[in-house]
Amino acid sequence: MSVLALILGASMLREDSTRLQSAMPKVPENLPRWLNSRGADHLFYKAAPYNWAINRIPAFAQDMYATGVGHAMAYEALVTGKKGELESKTFATIDYVLKNPPSKPIDEAAVSPRFVQKYGYLEKVFDWAHTLHFQTIDVFTHPGWSDAQKEAEIERLWTFYSAEPYAISGLPMNMEYLDSFPYSGAFRQNYPKVNGLFWGYHWLQTVNYDMLFRVPTADQRPQYSLIGQRYHENELYKTDRDFMPMTAEMSPRFARRFPQIANAFDNLHMLHDNVNDILAQSNLSEADKATQVKVAIYRVLASTHKGEEPGEGEEKTLHDHRFPDGMPGMGMMIGSDENTMYMSGMGWMDMSECAHCSISLPEEGPWGATVSAEGWTMTVRCIMCARDMAAETPGRAIIRAATEDENRLLVMISDEEGNWSSNIKGIVFLEVFGEHPNCSVWSRAFTSRSAFEKFVGTVPELKGAKALSLEEWSKLNHATPDTYTKIDRPNPYRKGGAK
Amino acid sequence: MKYTAVVTVAGILCVQLASGSDHNNIDKERPLRFDDAYSIAYRSFEFQSGFRLDTFNRNKPVYNFRSELQYGFAKNKDFSIGLEPFISSESGKLIGNILELSYFEGVSREIGNNPAFGYRIDAGIPISGGTGTEFRVRGILTKTLGHYDKIHLNIDHYNSTSTAIGQRSMRMGAILGYSNPIGYPKAFDQTLLAELGIEQGLATGSGYNTWVGLGLRRQVSATAVLDVGLQFDLRRTEPEPRSPVRLTVGYSTSF
């Protein structure tokens, strides 16, 4: 990218007068005392039988380990006077590691000793949140437990995590506010390739949860062949994202079930962005950078928001904990309101509606499906919408859909030609095309023919309906439904509303 | 022989464990004698076991098997309990066994130009092959040297409650340790170690014992580290037996 293009891109992103512009933050009076603690304060993860189960999916585990190296190397370059090498030498070194990932977890502090000398308090926050990342993944990849046991353990992990002073808030936070400071955006503007890597890591760290959540362990690894390929070929090298990937965008099923954790990950990733931006500043002294890093930590700590509730708070402030309808696991984004938000690469979306037919999503499950393709994941009302939405998208896709058995999630993966494979042998489908508001009745998946017949027998309108095999069902296509409503508004991240 | 065994056991007494199963986290005797200034993580358990072969100039080799359990009972603090039996290669019999109790505290991490500082207090209680208790207080400084490599200065003070005639009841020692992770950016799973040590001999009025060591710690899984080390006595005061080569192999795992 040329210097001119960089400057133009920067001005497009930052000179939009409609965006919130906050003043340089001042040091709050109630800064936690531990920020000045001299101890290393290393914490061990919760002892449990599932620890390191992530290694059951070796390629995924290794990619996750490599993200730690990538974070650490970039930070080390930022604090050792090597900013000028970030986009060249440092990028190349990180890229080498990402392409040749370590087979065992790495100690980020060992890879970034100078960074930790300066910002040891920040490392405590990162380390503890990364531990939550890994342990939640370990729970889901552990083969010995039921989904109910896993979800109960995830709740316990959240409690365990939240008990430490370094814990990040699980409340939704206003991302526009958190990204509105004088330094905000500097890193992504000046170091787009390395920022792309950071946001690529965050894509991987958030997209994996729907890959794992309520998915039998045997069906997790096949999905990663697609997700890992996408990560290495596209997501790591994207420099045109408008904003960092959000957990609810990448793993909506998980984010609805565990909104606190989804929010904590987003707040963590925003802290990464804030720190990147602060360290990228040339006009801040070392002392000012340290101060601003502490203030950035303070903003997202759970202790800062103690007693506050999701859905409440003054608009576009530090304590704005509102969230879009239907998605408690995500804070408000730039330009968003209770109903709509702008998703980079997808445009304006209403997260309470089916992404394919625009009919409201039911409040209760089990129902519906998600479609993952081209790096995004969308929630749809029925499996027909999932199939037809995937068909509209080039490349491979994953559908995760409810069946009549709430303990058996259907996972289907398509090849480049749109041929689907299923994790449930003998899966049959019901599809008697009708009105979309009722699609969750006439478009369904069943784990067996007997389950299909049992359901059809309870709905008189479906009398005589044929059970479709995967092959028969795959050939159907009803295209974009008439009910679909595209929200046609400009991109709030770009000056002039470039789309 | 008995006196030699006692001296041998006493000479190797200052042996205990530290830190977590992370190849970057330097543990005393895993495989060299120095510590870094960091405790194991809060709430973690660490089990370490090792084998050491001491070759002596004028005596048969002695085998040593160490086992120790550590617990990070608070932030930056751990406690450990261990057993260290010595077996004669000549007779195949136990010639000494020591129960070790240790407390470690990491006082401060490395901040700016200030080194990390920690200390440990150890008590070695002979179960067999000796009398009295030997205490050791060790102060530890760890500082990043170039970029990834670090130096670790250990200053030791020994105090024995019961000593044979002609032996010191108090001694001093120091070890300068060096660690450097090797393989970046192609590998992140091993650390090279080296040390130069000096300590007062056991006998009253004797000079200083000195040694050098070279070791490697290798991460073999997410929770386990394998270590191997060689130490060479440069000088050993009489009547302590000089060990031209000391081989150490160990395994540590955290849970």
Which answer fits [X], side chain, backbone, both or neither, if we ask what part of it has an atom under 4.5 Å from a heavy atom of chain B?
X        : result
A:Glu164 : side chain
A:Tyr121 : both
A:Asn100 : neither
A:Tyr45  : side chain
A:Ser103 : neither
A:Val69  : side chain
A:Ile106 : side chain

Flag the pair [X] / [Y] as yes when at least one side-chain heavy-atom distance between them is below 4.5 Å, and no otherwise.
X        : Y        : answer
A:Phe44  : B:Ser254 : yes
A:Lys104 : B:His23  : no
B:Asn114 : A:Arg38  : yes

With sequence neighbours excluded, residues passing ring pair (Phe, Tyr, Trp, His ring centres under 6.0 Å) with B:Tyr148: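 Counting only residues at least two positions away or on another chain, B:Tyr148 forms a ring pair (Phe, Tyr, Trp, His ring centres under 6.0 Å) with B:Tyr184.
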
message: Between A:Tyr65, A:Tyr119, A:Tyr166, who has the most heavy-atom pairs with chain B when the cutoff is under 4.5 Å?
response: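 Highest number of pairs under 4.5 Å: A:Tyr166.
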
- request: First locate atom CG of B:Asn24, then atom CG of A:Asp107, and finally report the distance between them rounded to the nearest 0.5 Å.
  value: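 Interatomic distance, B:Asn24 CG to A:Asp107 CG, rounded to 0.5 Å: 5.5 Å.
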
field: From NZ (A:Lys124) to CZ (B:Arg109), nearest 0.5 Å
entry: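 Result: 4.5 Å between the selected atoms.
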
message: At under 4.5 Å between heavy atoms, what parts of residues 82-96 of chain A are in contact with chain B? List them by residue number.
response: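 Counting heavy atoms that sit under 4.5 Å from chain B, the residues of residues 82-96 of chain A involved are A:Thr93, A:Tyr96.
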
query: Hey, which of B:Pro181, B:Gly112, B:Ala187 has the most heavy atom pairs under 4.5 Å with chain A?
result: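 The option with the most such pairs is B:Gly112.
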
Heavy-atom closest contact ([X] atom, [Y] atom, distance):
X        : Y        : answer
A:His42  : B:Asn76  : N-OD1, 4.3 Å
B:His147 : A:Arg114 : CD2-CG, 4.1 Å
B:Pro185 : A:Val97  : O-CG2, 3.5 Å

